Amino acid sequence: QVQLVESGGGLVQAGASLRLSCAASGRTFRNYAMGWFRQAPGKEREFVASISRSGSSKVYTDSVKGRCTISRDNAKNTVFLQMNSLKPEDTAVYYCGASLGTSSSMAVTTPDYWGQGTQVTVSS
């Protein structure tokens with residue numbers, strides 16, 4: 001069992017930056033690929049980024065490439081999403097996910113565990 005708690009969301013203006021964090025419980029954090037997903041009002045939840053167990057492999061959806069960086073600290077059981085040059089279309093609830101699959105598979109499959117989400121609102 002893995003429990004995930006996101007933080008770092010907020011209300012910012014377009015062009016600003018935010019760093020999201022996801023803290024995981026348990027001693028098996030390094031056994032999971034980790035990912036970030038988001039859900040905007042009236043839309044389905046979508047994949048944003050994922051990172052492999054070691055951190056050596058990362059996958060991004062096209063809309064955030066060059067603006068977002070996913071990273072993890074296995075010693076602190078935490079995964080991060082640094083978001084720069086934020087746009088109003090980035091407004092969504094951001095969810096952290098943990099998967100026993102690969103970082104690549106997280107782009108097309110449902111994670112084994114979800115966090116509760118953190119709201120990101122970008123004003124124009």
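Computed from a predicted model, the values in this text were never measured in an experiment. Sequential numbering from 1 along the given sequence is applied to the chain's residues.
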Report the distance from atom OG of Ser63 to atom CG of Asp90, rounding to the nearest 0.5 Å.
7.0 Å

Spacing of OG1 belonging to Thr69 relative to CG belonging to Asn84, to within rounding of 0.5 Å:
6.5 Å

Side-chain (Thr118) to main-chain (Gly9) donor-acceptor, under 3.5 angstrom:
yes

Distance alone, cut at 3.5 Å: any donor-acceptor contact between the side chains of Thr91 and Glu89?
no

Donor on one side chain, acceptor on other, Thr78 and Asp73, under 3.5 Å
no

Closest non-hydrogen contact found for Gly97 with Met106 is O-CE, 3.6 Å

Heavy-atom distance under 4.5 Å between the side chains of Met83 and Val120, does that happen here?
yes

With a 3.5 Å distance limit and no angle check, can you tell me whether Arg67 reaches the backbone of Ser85 through a side-chain donor-acceptor pair?
yes

Run the salt-bridge test on Asp62 and Lys65 with the 4.0 Å N-O cut-off and return the result as yes or no.
yes

Looking at Tyr32, is Arg72 sitting on its ring face, NZ or CZ under 6.0 Å from the six-membered ring centre and within 45 degrees of the normal?
no

Tightest non-hydrogen contact, residues Val12 and Leu86, listed as CG2-CD1, 3.8 Å

Gap between atom CD of Gln3 and atom CG of Asn77 - 0.5 Å precision:
12.5 Å

Using modelled atom types only, decide if a donor and an acceptor are shared between the side chain of Ser105 and the backbone of Gly101 within a distance under 3.5 Å.
no

Could you check if a side-chain atom of Gln119 sits within less than 4.5 angstrom of a side-chain atom of Tyr94, using non-hydrogen atoms only?
no

Apply the side-chain contact (heavy atoms from CB on, under 4.5 Å) test between Leu20 and each candidate in Trp36, Phe80, Tyr95; give the one that qualifies.
Trp36

Can you tell me if Ser50 uses its side chain to pair, donor with acceptor, with the backbone of Ser103 under 3.5 Å?
yes

Sub-4.5 Å side-chain heavy-atom contact between Phe47 and Val108
no

Any donor-acceptor pair under 3.5 Å from Ser99 side chain to Pro111 backbone
no

I'd like to check Cys96 versus Met34 (side-chain heavy atoms, cut-off strictly below 4.5 Å). Are they in contact?
yes

Hey, could you give me the CZ/CD distance between Arg38 and Glu46, rounded to the nearest 0.5 Å?
4.5 Å

Heavy-atom closest pair (Leu4 atom, Cys22 atom, distance to 0.1 Å) is CB-SG, 3.8 Å

Count I, L, V, M, F, W, Y as connected when their side-chain heavy atoms are under 4.5 Å apart, and connections chain through other members. Are Leu100 and Val2 then in the same cluster?
yes

Test side-chain contact (heavy atoms from CB on, under 4.5 Å) on Gln116 and Val5 and set out the steps.
CA-CA 7 Å; Gln116 84 291 346; Val5 179; 4.3 Å; yes

Please check if the side chain of Lys58 supplies one atom and the backbone of Ser52 the other of a donor-acceptor pair under 3.5 Å.
no

If hydrophobic clusters are built from ILVMFWY residues whose side chains come within less than 4.5 Å, do Val93 and Val79 share one?
no

Ring centroid separation for Phe37 and Trp114, is it under 6.0 angstrom?
yes

Nearest 0.5 angstrom please: Ile51 CD1 to Ser57 OG, how far?
8.5 Å

Between the side chain of Ser104 and the main-chain N/O of Thr102, is any donor-acceptor distance below 3.5 Å?
no

Does Leu81 belong to the same Ile/Leu/Val/Met/Phe/Trp/Tyr cluster as Val122, with side-chain heavy atoms less than 4.5 Å apart forming each link?
yes

Is a side-chain donor or acceptor of Gln82 paired with a backbone partner of Cys68 at a separation under 3.5 angstrom?
no

Nearest 0.5 Å please: distance from the CD atom of Gln13 over to the OG1 atom of Thr121.
13.0 Å

Output yes when a side-chain donor or acceptor of Arg53 lies under 3.5 Å from a complementary backbone atom of Arg30, and no otherwise.
no

So Val48 and Tyr60, do their side chains get closer than 4.5 Å, heavy atoms only?
no

